[in-house]
J.: 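If you scroll down you'll find the structure; I have some questions about it.
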Protein chains: 2
Amino acid sequence: MANIRDLAKEAGVSVATVSRVLNGYPYVSEEKRRAVWEAVEKLHYTKNIQAVHLAKGRTTIVGVMLPYIHHPYFSAVIEGISKEALRYGYQLLLFQTNYDVERELEALERLRMKQMDGLIVCSHEAGSEVLAAYQEEGPIVLCEQAEEYDFFTVYIDHYRAFAKALRYLVHKGHRRIGYCIGRMTGPNSQARAAAYQDVLRDIGVVPRRHWVFDGCLFLEDGKRVMRQWVAMGERPSALLVTSDQVAAGIVLEAHRIGVHIPEELSVIGFDNDPLAEMLGITTVALPHFSLGEKAFRLLHHWLETGHVPRKQEELPTRLIVRTTG
Amino acid sequence: MANIRDLAKEAGVSVATVSRVLNGYPYVSEEKRRAVWEAVEKLHYTKNIQAVHLAKGRTTIVGVMLPYIHHPYFSAVIEGISKEALRYGYQLLLFQTNYDVERELEALERLRMKQMDGLIVCSHEAGSEVLAAYQEEGPIVLCEQAEEYDFFTVYIDHYRAFAKALRYLVHKGHRRIGYCIGRMTGPNSQARAAAYQDVLRDIGVVPRRHWVFDGCLFLEDGKRVMRQWVAMGERPSALLVTSDQVAAGIVLEAHRIGVHIPEELSVIGFDNDPLAEMLGITTVALPHFSLGEKAFRLLHHWLETGHVPRKQEELPTRLIVRTTG
DNA sequence: TTGTATGCGTTATCAG
DNA sequence: CTGATAACGCATACAA
C-alpha cells in the first residue's frame, strides 16, 4: 500500500505538505494541492488509521462494556449510544462480558492500552472499587448508580422506581408481594432489594425468600416463574418484574393455564417494552434509549472539553398503569 | 505514560529484550526477564496497543456492519459473532448504518484504512457491486446470499424458505396469500419477492399489490398490519410474516379485536422467536445466532490461514407448525 | 507557503 | 542470548 511518502514523491512535494492537504489545512498553494490529490487518485491511496491514532494519541473510539447484546434492555442502550456516536463521528468497540469479571478487566485494560478514548460501562459484575481503580487510566462513564467513588454516571434511581411501584401495589391492598429480577448482584439489583426490604418493613410484612425469583431475563423465564407460582403454597398476590419481557412471559403463561390476571395475581413490569403495551401490562417506563444517548454525550463532552457540566445525571421513570396491576 | 524505552532503561537492558520478555519469547536469561517484569511493575507500564497494531499491521479487530442493533434479528446475529470473537480473542467494531449507503461506505473505507482485519456485513443497502469493489481492500464476509461476485458468505436461502412456507399454505388450501416484509430492497427481500411471484404463478393466482405489507420490523408494525387487514376489501386468508415480532403483533392485535386465527387469517412467522413459541405461532426457524457464529468463523479461518474450506455456506431452515397456520 | 526533522511506541531484522 | 537500528505511517514543531 502506498503511504504518505510515496504520495510526496509522486506529487513532488514534502510529506508535510501532503499531510496538510490530506487534512484540509490552509496555506497550501492550489497547484500543490491538486498535485497531491492527483497522486492520491493515481496511487489509490488511503490513510492508515492506526498510524493516525498513534501519532495523534487519540482514536475517536469509545468502548462499550455490557453483559449481553441480545437482550431488549441492552440493545436499546447500545442503540442510544450508537446513535450519538454516529452523530459525533465516533466508533464503538464492543466488550461483551457475560458478567465475567475476567472479561470486564480485559475491557478496562484496553482502556489503559489507549485502544479507545473512553469507556461506557452499561453494567458490570466486578466490585466498583475495581472500576474506580481504572478511572485514572481513562474516562469511564457508568450507566448505573454508584455513589461511592465519584464516578461519572447516567442512571436510573432504581430504589425510587422500585419503591414507587411497590407502594402502588400496597396502596391497591397487596401485602404478599414478590419480585422477579435478572440477578441478585450489581448496584441496580441491590437498590431494588433494599427498596423491597424497606417497603415491606414499613407495612409490617416479613419478606419470604421464595417470593423472590432470580435469573429472570427473558420471556421464557416468565413462563418458568408462572409455573413455580402455581405450584407454591403461600403465593404472592402481586409480582414486581424487572423486565417487561419476563412480565409478558408470566402474563401469557397465566393466560394459557387459566390464571386470572390481575384478579389472582397482579403483575407490574419494567421497561415499557412495546410488548407490555400490546399486552396491557402495567409497567414502569425506563428510558433505556436516552440512557445510552446521554451516557455517550456525557463522555463526549468530557473528551472534547476536558470537563463536564455535572458528573451525575438521573433519568426519570414513570409508572404506566394498564390492566395487569 | 511509561514506554518500552523507559522500561529498558529501568531494567538495564535493550528495548529488544524488553519486547521479547513482554511477548514471552524464549532465549532471554531468567535474570533479565525478572528485571524487566520488575520495571513493568515499578513504572506501572502498559502496552500501547495502537503502536502494536501499527508495527504488526494487524489489529485482531473485525468490523460488523448492520442497519440496527435494537432488533431481535440483528442482535441475535451479533451475539453469535460476539461469542466467537470472544473465543478467538478478537474485538468487535460496530458500524450501524440505518441502511444509509453513506454509512456503509464509511465502514468499507475503514476496512481500507486497516482499522480492522476484516468486515462482516450483516445486511446492506448499497449495490453488491460496491461491496465487490472493496473485496480487495480486505476480507469481507456477507450474511446474505449473493451469487454474482463470488463473495464469502454464510446465508439462508430465503427463496427456498419462503417458497416452502408458501407451498405449505397452498397445500392447506390458501390462495389469497399476502406477506409482510421489513423492506423491499436487499437480496433477502428480492429472493422472497421472487419466491412469492413464482409460487403464486404456479397456482394461477395474480398477486395483489395490497397483499404486500412493507416496513414490517417490530411488534407495533404487526398491529398496524392487522388494522389495515380488517379494513381491506379483498383480504388475504393467509400472511407470511418475515419476523416473528411482527407476527406476534398481528396475532395479539387480532386477538384483541376479535379476529379468529387461523380460521379467518392464517399467520406464519419467521425466526422462531421465543415469543412465537409462547403464542403458538407457526414459524420458519432461522438460525440467526449460528449465522453470526459461522460468519465469524469463516472470517477467522480466512484471517488465520489465508484460505478457507469453502466460500459459501448455506444454513438450514425448518418449518415449525403450531396453531396459527 | 513549504520542507526538514523528530516523535508516537512497538516489532522485527540482523549482527554479534 | 543480547543489542542497535530500521521499519510501521502519519502528524507537527520549527525553520526557512
Side-chain angles (χ1 to χ4, degrees), chain A residues 1-40 43-61 109-117 137-138, chain B residues 1-40 43-61 109-117 137-138:
Chain A
M1 278 299 291
N3 61 28
I4 204 175
R5 253 181 304 274
D6 300 327
L7 282 186
K9 199 178 300 170
E10 176 69 31
V13 300
S14 71
V15 292
T17 297
V18 171
S19 181
R20 289 187 191 102
V21 172
L22 257 31
N23 295 296
Y25 290 150
Y27 309 131
V28 177
S29 74
E30 202 45 52
E31 180 189 19
K32 305 211 167 186
R33 197 178 289 281
R34 212 184 39 248
V36 169
W37 284 122
E38 274 168 14
V40 166
L43 301 184
H44 195 61
Y45 167 84
T46 318
K47 251 185 223 200
N48 180 315
I49 202 79
Q50 306 174 46
V52 176
H53 289 168
L54 180 59
K56 304 188 84 147
R58 301 185 46 199
T59 60
T60 56
I61 293 177
E109 278 300 320
R110 291 289 171 157
L111 184 63
R112 268 188 84 193
M113 296 181 195
K114 309 285 176 207
Q115 183 164 21
M116 50 229 188
D117 296 341
E137 310 293 348
Chain B
M1 278 299 293
N3 63 26
I4 205 174
R5 250 182 304 277
D6 300 328
L7 281 186
K9 200 177 298 168
E10 176 69 30
V13 300
S14 71
V15 292
T17 297
V18 171
S19 182
R20 290 192 189 99
V21 173
L22 258 30
N23 295 295
Y25 289 150
Y27 310 131
V28 178
S29 73
E30 202 45 55
E31 181 189 18
K32 303 209 168 184
R33 197 177 287 281
R34 213 183 38 248
V36 169
W37 283 121
E38 274 168 14
V40 166
L43 301 183
H44 195 61
Y45 168 83
T46 316
K47 245 183 223 196
N48 180 314
I49 202 78
Q50 305 173 46
V52 175
H53 289 169
L54 178 59
K56 303 188 86 144
R58 302 185 45 199
T59 60
T60 55
I61 293 175
E109 277 300 320
R110 292 288 170 158
L111 183 63
R112 271 188 83 192
M113 294 183 196
K114 308 288 176 206
Q115 184 164 21
M116 52 231 187
D117 295 342
E137 310 294 348

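Below, chains carry the letters A, B, ... as their sequence lines are ordered, and counting in each starts from 1.
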J.: Tell me: CG of B/L54 to C1' of D/dC10, nearest whole Å?
T.: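 Rounded to the whole Å, the gap is 8 Å.
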J.: Using atom CG of A/N48 as one end and atom P of C/dC8 as the other, report the distance to the nearest whole Å.
T.: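 It is 19 Å, rounded to the nearest whole Å.
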J.: Under 4.0 Å from any atom of DNA chain D, heavy atoms only: list the residues of residues 21-29 of chain A that qualify, in numerical order.
T.: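 Here the set is A/N23, A/Y25.
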J.: Without decimals, in angstroms, what is the distance between B/Q50 CD and C/dT10 P?
T.: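 One finds 10 Å between P of C/dT10 and CD of B/Q50, rounded.
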J.: Expressed as a whole number of angstroms, how long is the span from B/K114:NZ to D/dG9:P?
T.: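 Checked: the NZ to P distance equals 10 Å.
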J.: Is the shortest side-chain N/O distance from B/K47 to OP1 or OP2 of C/dT11 below 4.0 Å?
T.: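 Yes, within the criterion.
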J.: Mind checking the OG1-CE spacing from A/T59 to A/M116? Nearest 0.5 Å is all I need.
T.: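 A/T59 atom OG1 to A/M116 atom CE measures 8.5 Å (nearest 0.5 Å).
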J.: May I ask you to verify if any side-chain N or O of A/S19 is less than 4.0 angstrom from the OP1 or OP2 atom of D/dC10?
T.: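 Answer no for this pair, as no side-chain N or O of A/S19 is under 4.0 Å from OP1 or OP2.
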J.: Kindly point out which of C/dG9, D/dC10, C/dT11 is positioned nearest to the side chain of A/N3?
T.: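 Shortest atom-to-atom distance from the side chain points to D/dC10.
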J.: Atom pairs under 3.5 Å, N or O on each side, protein against nucleotides 3-7 of chain C: can you list them with distances?
T.:
residue	atom	partner	partner atom	Å
C/dG3	OP1	A/K32	NZ	3.4
C/dG3	OP2	A/S14	N	3.0
C/dG3	OP2	A/S14	OG	3.2
C/dG3	OP2	A/T17	OG1	2.8
C/dG3	N7	A/R20	NH1	3.4
C/dG3	N7	A/R20	NH2	3.3
C/dG3	O6	A/R20	NH2	2.5

J.: How bent is the helix from C/dT1-D/dA16 to C/dG16-D/dC1, measuring the angle between the end axes built from five pairs each, rounded to 10°?
T.: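 Answer for the end axes of this duplex: 40°.
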J.: Less than 4.5 Å apart, side chain to side chain, heavy atoms only: is that true for A/M113 and B/N48?
T.: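 A/M113 vs B/N48: side chains apart.
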J.: Mind calculating the distance between NZ (B/K56) and P (C/dC8) to the nearest angstrom?
T.: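 Going from NZ in B/K56 over to P in C/dC8 covers 22 Å.
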